[in-house]
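In each ligand, atom 1 is the first atom listed, and ligand 1 is the first ligand listed. The model shown is predicted, which means the values in this text are computed figures rather than measured ones.
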Amino acid sequence: MGVAGVPGTTTISPTAPALDPIIAEQEDLFLRRQPKSAAIGARARAVLAGGATSSWQIAQPQAVWLSHGLGSKIYDVDGTEYVDLHGGYGVSLVGHAHPAIVRAVTERVARGTHFAQPTEDALVVATELARRFGLPLWRFGNSGTEATMDAVHLMRAATGRDLVIKVEGCYHGHHDSVEVSVLPEADEAGPPERPVSVPGNTGIPQAFVDLVAVVGFNDVAAVARVLDENPGRVAGMIVEPVMMNAGIIPPDPGYLAAVRDLLHAEGALLAFDEVKTGLTVSPGGATAAYRVTPDIICLAKALGGGLPVAAIGGTEAVMGLISDGTYEQVGTFNGNPLSMAAARATLLEALTPDAYARVERLRARLHEQVTEVLRTYDLPWHVVTAGAKGCISFLDRPVRHLRDFHDIDERLGHLHWLVQHNGGVFLPPWGKVEQWLLSVQHDEEDADRFVANVATFAALVRG
Ligand SMILES: Cc1ncc(COP(=O)(O)O)c(C=O)c1O
């Protein structure tokens with residue numbers, strides 16, 4: 001795997017014999033549509049490392065520089081409008097410039113945005129998260145990375161043990177304890193039933209890698225084996241309850257409850273990384289959707305309605321370690337008043353039952369219509385949706401873990417991304433890895449533009 005987490009070459013799909021020239025043509029069109037982005041990108045490389053503000057913003061063939069967003073649309077510096085299904089890597093569930101967020105943030109800005117002392121909005125947000133996710137005590141941070149870092153620290157603090165179980169293919173942010181086996185190449189990942197722990201970036205000390213035991217998703221026996229082989233050493237397991245950094249991989253029935261029970265039987269804890277799934281797959285995330293409550297839940301992304309905010313929730317036993325001072329959960333910007341005002345408006349005014357019902361109608365429409373296009377073009381792939389999230393899985397069988405995902409030809413995801421982009425729909429780059437995100441401001445016309453582009457893509461692939 002490259003340092004930026006970009007997946008490597010995989011098996012070439014038999015359904016896609018001549019993709020390279022089609023991709024070259026689409027990349028050419030992409031570049032011709034974006035002269036201003038190209039010019040800004042050239043200037044940027046002199047002052048921003050790599051010419052962007054995060055390594056995963058450097059899409060191929062070039063980063064797209066944006067000017068603004070409104071409702072379900074975003075606009076690039078060349079003035080081109082896109083239906084936004086990128087969603088800022090899972091943030092923009094409320095869409096852009098949602099009136100409730102604009103009002104809440106505007107009011108808060110005028111009254112001061114930072115004190116490093118709590119404001120009452122934090123109470124409202126914590127109360128609503130407790131109601132939605134069924135865990136009593138909460139704290140805040142600023143990014144998903146901070147939330148999962150606290151989760152790992154808390155599991156270790158609570159148990160006095162160091163070893164953490166992590167699922168191969170899950171991404172939990174960029175701290176040392178979880179940047180392991182994020183998207184390992186097939187030839188370095190070891191046997192599926194006993195995956196090797198592979199550093200997911202440069203700069204990760206081997207000592208940290210050695211503290212992470214890697215298992216396959218949906219593999220209950222592997223968790224049992226790690227617990228058996230390491231008696232009294234496992235602090236806990238962190239997992240995306242629906243894997244969302246390898247397309248979308250749902251848990252098998254009973255998987256989440258089975259690993260929770262195994263861990264608890266050994267005095268270890270379970271943390272759900274709901275940074276992507278929380279709020280998007282249901283109002284109470286995967287926790288509510290699958291009716292399995294872990295010891296710790298990590299949230300970020302969609303929670304802030306576009307502002308940086310994270311939350312970590314836990315049981316009385318776990319969060320009691322914070323209350324009694326055993327674990328210091330800290331951060332200058334934790335509970336920042338602006339973020340809290342935005343999170344309050346997001347939860348109480350934007351993500352209402354009606355808004356979720358609208359998203360569900362669009363989910364069903366996309367699922368059905370994209371499936372129909374694939375059938376029409378006799379393509380063996382399938383559509384996977386989970387609430388506001390969805391993707392086309394370019395494989396002829398369901399993907400249950402990373403090893404299935406390895407078999408997907410990554411050029412298909414890239415070509416799909418290009419065709420959508422050139423057709424006025426902005427998806428996340430890194431085609432097969434990421435998924436679309438609907439917002440509460442999308443409508444049928446937006447969905448139809450996406451479906452029409454899928455048909456164009458299918459026709460290109462079919463030649
Ligand atoms: C499941 C999951 N956890 C954690 C993170 C890290 O979040 P952040 O980028 O806000 O640090 C991400 C980011 O994509 C994620 O997808």
Closest non-hydrogen atom pair, R139 against M319: N-CE, 4.0 Å

Does a side-chain N-to-carboxylate-O contact under 4.0 Å join [X] and [Y]?
X: R397; Y: D407; result: yes
X: R103; Y: E349; result: yes
X: E434; Y: K276; result: yes

Report, in ascending order of atom number, the atoms of ligand 1 lying under 4.0 Å from any heavy atom of [X].
X: G144; answer: 6 (C), 7 (O), 8 (P), 10 (O), 11 (O)
X: V275; answer: 2 (C), 3 (N), 4 (C), 5 (C), 12 (C), 15 (C)
X: E240; answer: 1 (C)
X: K276; answer: 16 (O)
X: G173; answer: 4 (C), 5 (C), 6 (C)

Under 3.5 Å between any N/O of T148 and any N/O of ligand 1: does that happen in this structure? no

Establish whether atom 7 (O) of ligand 1 and some protein heavy atom are separated by less than 4.0 angstrom. yes

The reported gap from CG in L303 to SG in C298 (rounded to nearest 0.5 angstrom) is 12.0 Å

Distance from [atom] to nearest protein heavy atom, with residue and atom:
atom: atom 11 (O) of ligand 1; result: T145 OG1, 2.6 Å
atom: atom 16 (O) of ligand 1; result: N245 ND2, 3.1 Å
atom: atom 2 (C) of ligand 1; result: Y171 O, 3.2 Å
atom: atom 13 (C) of ligand 1; result: K301 NZ, 3.1 Å
atom: atom 4 (C) of ligand 1; result: H172 C, 3.4 Å
atom: atom 3 (N) of ligand 1; result: D273 OD2, 2.6 Å

Do Y290 and Y255 have their ring centres less than 6.0 Å from each other? no

Side chain, backbone, both or neither: the part of S143 lying under 4.0 Å from ligand 1 by heavy atom: both

Do other residues, nucleotides or ligands put more than 12 heavy atoms under 6.0 Å from the NE2 atom of H174? no

Would one find more than 12 heavy atoms of other residues, nucleotides or ligands at under 6.0 Å from atom CD of Q206? yes

Cation-pi between K432 and F405: NZ/CZ under 6.0 Å from ring centre and within 45° of the ring axis? yes

